[in-house]
2 protein chains.
Amino acid sequence: MEHFVASAGDLSGSQSVDRALRLLALIGREPAGGLPLSDIVIESGLNKPTARRLLLALIRAGLVEQEALSRHYCLGEEAFVLGVLAARRHGLLELAMESLRRLSEITMDTSFLSIRRENYSVCLHREEGTYPVRTHALQTGQQHPLGVGAGSLAMLAVLPDGEIERIMAANEAVLLTQYPGFPPDEIRADLTLARQRGFSLNPGRLVASSWGVGIAFRYPDGRVAGALSLAAIDSRMVPARQVELARHLSTEAERMERLLAQMFVRKTSQGDGPQQRARPITKSRSA
Amino acid sequence: MEHFVASAGDLSGSQSVDRALRLLALIGREPAGGLPLSDIVIESGLNKPTARRLLLALIRAGLVEQEALSRHYCLGEEAFVLGVLAARRHGLLELAMESLRRLSEITMDTSFLSIRRENYSVCLHREEGTYPVRTHALQTGQQHPLGVGAGSLAMLAVLPDGEIERIMAANEAVLLTQYPGFPPDEIRADLTLARQRGFSLNPGRLVASSWGVGIAFRYPDGRVAGALSLAAIDSRMVPARQVELARHLSTEAERMERLLAQMFVRKTSQGDGPQQRARPITKSRSA
DNA sequence: ACCAAAGGGTCCATATTATGGACTGTCTCT
DNA sequence: AGAGACAGTCCATAATATGGACCCTTTGGT
């Protein structure tokens, strides 16, 4: 039995919970019809009995379901409910819907809300445009490494240089093996351009002729909250129109930041009672 | 160390995962500003170090967050994202939004979507009406035992008698201690009435003067999917209007069943390849 | 200002629990 | 009909989670 030694000062337990939740995230990533056990075993690095046992626990909790005929594992109803409940605090999507609808209406193109998840970007919503030729490069729920796609690139571009390098390093293997259109150096070049222009541009790197522009927005404390982006075929993405679209995106990104600022005020001011100063959340053993 | 013996034929492991996910559900229930550790310890029955360790695991996964100043534990952003991802399969709320909006517009009263979660009913959405006097008996995310509230009662009423008795028995303790307005016998009487009339009525049992009517709808396979309901002050709930509201609810419930039927067809027909017959999902050791 | 109480967080020896190699059953393709 | 792929399961072993006892910080009372 080869086991990972708890490297470094890692002073916390609950391995199996960690593993189970990693499986949950894994299953969440997969858009379509869930994952078969074999893929889960491969992608998680766990072995079959362990994966299966953890999956059964997730199934008992309703977070995962196993489809009867394909035997694939996919997200369960409880995950959906939990999300609705969590949306009371983290209602980014709801806040953004108005912006997305307006963007798609004005521009006739498809608009997206993406957020950052560690080194990845997740698409939370895709609002269809009315223009007859539409690209389907990005669907709700799809994840790509930061830098892959317009919104994703926009988020990466507003991070500090140090973090960008850390992320690029972490994603290098995936980029090289699974994203042939995105050699790391090209992403770095795109980043520089994005910073110069004030908006990101994906010139059809993911799907040929499917271009995108994006702009990130932040929480009041400076953390990246997400990105709004628009996608269209290349002929609708000449430089002049890029700028025009970026202007609309910018307006809506500002709106989002305004709303988030309001939310923050409400949240902190409704805290129970008079000002408390935050205690560090982990142990603070005296000398 | 007192430990529960795995009673009966329970042949599955992963205790700590089960416990962690129970904590997650627990935290999800609490609407407002999360739960303090002490409450979590009490309500879960776990002891402090264990609860904390599991919570840390949930926090590492992003499913739970701990608020810096109140130290309360509440649902994290990952829970929200997971929910959005799960909504691709379990998009009940999205399907229902149109119905809810229409109901609230036509009736001017507040409408609700509730679903069944084991022996409980969870409110997934509250669509405000325009009438100036509104009841606030039910908020998004709140849970009550089946039978408590109009939508909840409607779902209970369409279950088979045996299951009703099982649920009523399971909930008896909570009803007696936490729902003084709902003595089990009254619920049983309400159920009979609901079946006779074809819609459920909550005559202000939860909050005085706040009445509600509800109708359940089902999945194509007959399982209860959820309930639509409307709430208003008693003066707007005279018998004639109850019937009128029930008519609107009924129209929308039919719409929901139609949509669910469509979804089911799409889901099963898009299954990978030709018909496979379902294998039983647990072990099938030969004789 | 001080003390007691309440609550959050943590340590560590112990015994319960998860682990994974090896196995079986089932379906599919040739 | 046999090989291969995949789902699911068993069980001795060893790694892991457990919880009583403890510390620190904040709060409320006098």
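So that the names make sense, note that chain A is the first sequence line, chain B the second, and so on, each numbered from 1.
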- prompt: Above 12 or not: heavy atoms from other molecules or residues under 6.0 Å from CD of A:Glu94?
  reply: no
- prompt: Tell me, do A:Leu63 and B:Leu24 make a side-chain contact under 4.5 Å, heavy atoms counted?
  reply: yes
Please tell me if [X] has a side-chain N or O lying less than 4.0 Å from either OP1 or OP2 of [N].
X: B:Gln15; N: D:dT18; result: no
X: A:Arg53; N: D:dT9; result: no
X: B:Arg19; N: D:dA17; result: no
X: A:Arg52; N: D:dT9; result: yes
X: B:Gln66; N: C:dG9; result: yes

Find the distance [X]:[atom1] to [N]:[atom2] and express it as a whole number of Å.
X: A:Asp18; N: C:dT19; atom1: CG; atom2: P; answer: 11 Å
X: B:Leu35; N: C:dG7; atom1: CG; atom2: P; answer: 14 Å
X: A:Leu69; N: C:dT26; atom1: CG; atom2: P; answer: 18 Å
X: B:Leu46; N: D:dG20; atom1: CG; atom2: P; answer: 12 Å
X: A:Leu55; N: D:dA7; atom1: CG; atom2: P; answer: 11 Å

Helix axis bend for the helix from C:dA1-D:dT30 to C:dT30-D:dA1 - C1'-based end axes, five pairs, 10° rounding: 50°
message: Under the rule for ring pair (Phe, Tyr, Trp, His ring centres under 6.0 Å), what residues qualify as partners of A:Tyr120, not counting sequence neighbours?
response: none
field: Short N-O contact, A:Arg223 and A:Glu257, less than 4.0 angstrom
entry: no
message: Quick test of your reading of the model: are B:Arg166 and B:Glu118 salt-bridged, counting only N-O distances below 4.0 Å?
response: no
message: Quick check on DNA chain C: between A:Ser16 and A:Lys48, whose nearest nucleotide comes earlier from the 5' end?
response: A:Ser16
field: salt bridge (charged side-chain N to carboxylate O under 4.0 Å, His left out) against B:Glu165, all qualifying residues, sequence neighbours excluded
entry: B:Arg188
statement: Heavy-atom nearest nucleotide on DNA chain D taken for A:Val17 and for A:Ser38; more 5' hit belongs to A:Ser38
